[in-house]
Amino acid sequence: MITESSVRALLSQWWIHYDEAELEPLLAVLHPDFRIISRSDSGRAVNESAIASDVQGLDQVRDWWGHHRMDGPFPIRHHLTNFLVISADRTSVTFAGNTVHSKVDEQRGAQPLVSARIAGEATMFEGALRLRRLETVLDKTASRTFVEAVGDAGPTLSNDRLDTSR
């Protein structure tokens, strides 16, 4: 069985190499058919063209990442939080979580840049756990009340617990 800690370690390797612009170690944690998808939550962010991707295969990921990362801020840090394994067996795992991205401001030091939801899959390949898919949805839409965001048909609080039966 693939463990949560092994997936966390794999994602940590991905983000550390990504942040430091270390292409070869970054590619080494990927399955040959790796697919990366990214977008904003609305699909209409001011910088959507810089955010959006849907790229598959190591050569395509190398090309995309070279442009995407080199045009982005440095240093940048991705912090994995609220991580959850959704399903796992001996050869693959699906997961979800949140990330907080920060960049450095000369006056104030590290500053939050954006948060995101992630989902993906890791699988065993040639004896090692590799990322096979990673989808990142960046939070760009302003927060508002839950009812404003999802309407009256969403979950409600009932007897001090979230009731999603409606």
Novice: Could you tell me which non-hydrogen atom of Leu138 sits nearest to which non-hydrogen atom of Ala116, and how far apart they are?
Specialist: CD2-CB, 3.7 Å
Novice: Below 4.0 angstrom, N of the basic side chain to O of the carboxylate: do Arg8 and Glu4 qualify?
Specialist: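 A salt bridge is present here (some side-chain N lies under 4.0 Å from a carboxylate O).
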Novice: Side chains of Ser115 and Asp139: donor-acceptor distance under 3.5 Å anywhere?
Specialist: yes
Novice: Looking only at atom types and distance, does a side-chain atom of Glu135 sit under 3.5 Å from a main-chain N or O of Ser38, one as donor and one as acceptor?
Specialist: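 Checking the backbone N and O of Ser38 against the side chain of Glu135, no donor-acceptor pair under 3.5 Å is found.
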Novice: Mind checking what makes salt bridge (charged side-chain N to carboxylate O under 4.0 Å, His left out) contact with Arg108, not counting sequence neighbours?
Specialist: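 Checked Arg108 against salt bridge (charged side-chain N to carboxylate O under 4.0 Å, His left out); matches are Asp105.
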Novice: Is His68 reaching over with its side chain to a backbone N or O of Ala50, donor-acceptor style, under 3.5 angstrom?
Specialist: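 Yes, the answer is positive, given that a donor and an acceptor are paired below the 3.5 Å cut-off.
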Novice: Out of curiosity, does Leu58 fall in the hydrophobic cluster containing Met70 (side-chain heavy atoms, cut-off under 4.5 Å, transitive links)?
Specialist: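 Linked within one cluster.
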Novice: Under a 4.0 Å N-O cut-off, is there an ion pair linking Arg117 with Asp41?
Specialist: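 Judged by the 4.0 Å cut-off on N to carboxylate O distance, Arg117 and Asp41 do not form a salt bridge.
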Novice: Evaluate the criterion side chain to side chain contact (heavy atoms under 4.5 Å, CB included) for residue pair Glu24 and Arg62; output intermediate values, then yes/no.
Specialist: CA-CA 9 Å; Glu24 293 310 315; Arg62 177 192 316 266; 3.0 Å; yes
Novice: Within the distance-only criterion (no hydrogens, no angle test), does the side chain of Ser102 pair as donor or acceptor with the backbone N or O of Leu113 below 3.5 angstrom?
Specialist: no
Novice: Check whether any side-chain heavy atom of Arg39 sits under 4.5 Å from a side-chain heavy atom of Glu48, and report yes or no.
Specialist: yes
Novice: With hydrophobic residues grouped by side-chain heavy-atom distances under 4.5 Å, do Leu129 and Phe125 end up in a single group?
Specialist: no
Novice: Dump the intermediate steps for side chain to side chain contact (heavy atoms under 4.5 Å, CB included) on Arg90 and Ile2, then the final yes or no.
Specialist: CA-CA 6 Å; Arg90 296 182 67 221; Ile2 299 171; over 6 Å; no
Novice: Val100, Ile76: one ILVMFWY side-chain cluster at the under-4.5 Å cut-off?
Specialist: no
Novice: Which distance, rounded to the nearest 0.5 Å, do you find between the CH2 of Trp65 and the CG of Leu26?
Specialist: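 Here the rounded value is 5.5 Å.
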Novice: Would you give the length of the straight line joining atom CG of Asp71 to atom CG of Asn47, rounded to the nearest 0.5 angstrom?
Specialist: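 Between Asp71 CG and Asn47 CG, I get 12.0 Å after rounding to 0.5 Å.
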Novice: Testing the basics here: between Arg69 and Phe74, what is the closest heavy-atom pair and its distance to 0.1 Å?
Specialist: NH2-CD1, 3.5 Å
Novice: Starting at CD of Gln56, measure out to CZ of Phe34 and round the result to the nearest 0.5 Å.
Specialist: 9.5 Å
Novice: Quick check: closest heavy atoms across Trp64 and Ser53, and the distance to 0.1 Å?
Specialist: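 Smallest interatomic distance, heavy atoms only, reads NE1-CB, 3.3 Å.
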Novice: Taking atom CG of Leu131 and atom CD1 of Ile36, what is their separation to the nearest 0.5 Å?
Specialist: 9.0 Å
Novice: Hey, what's the ring geometry for Tyr18 with Trp15, parallel, tilted or perpendicular (30° and 60° as the breaks)?
Specialist: perpendicular
Novice: Hey, could you give me the CG/NE2 distance between Asp19 and His101, rounded to the nearest 0.5 Å?
Specialist: 9.0 Å
Novice: Using a 4.5 Å cut-off on heavy atoms from C-beta on, say whether the side chain of Phe83 contacts that of Val7.
Specialist: yes
Novice: Starting from the C-alpha separation in whole Å, work towards a yes-or-no answer on side chain to side chain contact (heavy atoms under 4.5 Å, CB included) for Met124 and His31.
Specialist: CA-CA 8 Å; Met124 296 302 294; His31 186 279; over 6 Å; no
Novice: Begin with the C-alpha distance, continue with both residues' side-chain angles, and end with the deciding distance and a verdict on side chain to side chain contact (heavy atoms under 4.5 Å, CB included) for Leu30 and Trp14.
Specialist: CA-CA 9 Å; Leu30 304 180; Trp14 161 265; 3.7 Å; yes
Novice: State, yes or no, whether a side-chain contact exists between Ile37 and Arg35 at a heavy-atom distance under 4.5 Å.
Specialist: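 The answer is yes; the side chains approach within 4.5 Å.
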Novice: Ignoring hydrogens, what is the shortest heavy-atom contact between Ser6 and Thr3? Give both atom names and the distance.
Specialist: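 It is OG-O, 2.7 Å.
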Novice: Check Glu121 with Arg130, please: is the shortest side-chain N to carboxylate O separation under 4.0 Å?
Specialist: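 A salt bridge is absent here (no side-chain N lies under 4.0 Å from a carboxylate O).
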Novice: When you look at NE2 of His79, are more than 12 heavy atoms from neighbouring residues, nucleotides or ligands closer to it than 6.0 Å?
Specialist: yes
Novice: What is the minimum heavy-atom distance between Met1 and Ala88, and which atoms define it?
Specialist: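 In terms of heavy atoms, the two residues are closest at SD-O, 3.3 Å.
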Novice: Residues two or more places apart in sequence or in another chain: which of them pass side chain to side chain contact (heavy atoms under 4.5 Å, CB included) with Pro25?
Specialist: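 Pro25 satisfies side chain to side chain contact (heavy atoms under 4.5 Å, CB included) with His17, Glu22 once adjacent residues are dropped.
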Novice: Report the distance from atom CG of Leu11 to atom NE2 of His78, rounding to the nearest 0.5 Å.
Specialist: 12.0 Å
Novice: Using modelled atom types and a 3.5 Å cut-off, is there a donor and acceptor pairing between side-chain atoms of Ser42 and backbone atoms of Arg44?
Specialist: yes
Novice: Mind checking whether Leu80 and Ile118 have side chains closer than 4.5 Å, heavy atoms only?
Specialist: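 In contact.
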Novice: Give the cluster check for Val137 versus Val114: same hydrophobic cluster or not, with ILVMFWY residues linked at side-chain heavy-atom distances below 4.5 Å.
Specialist: no
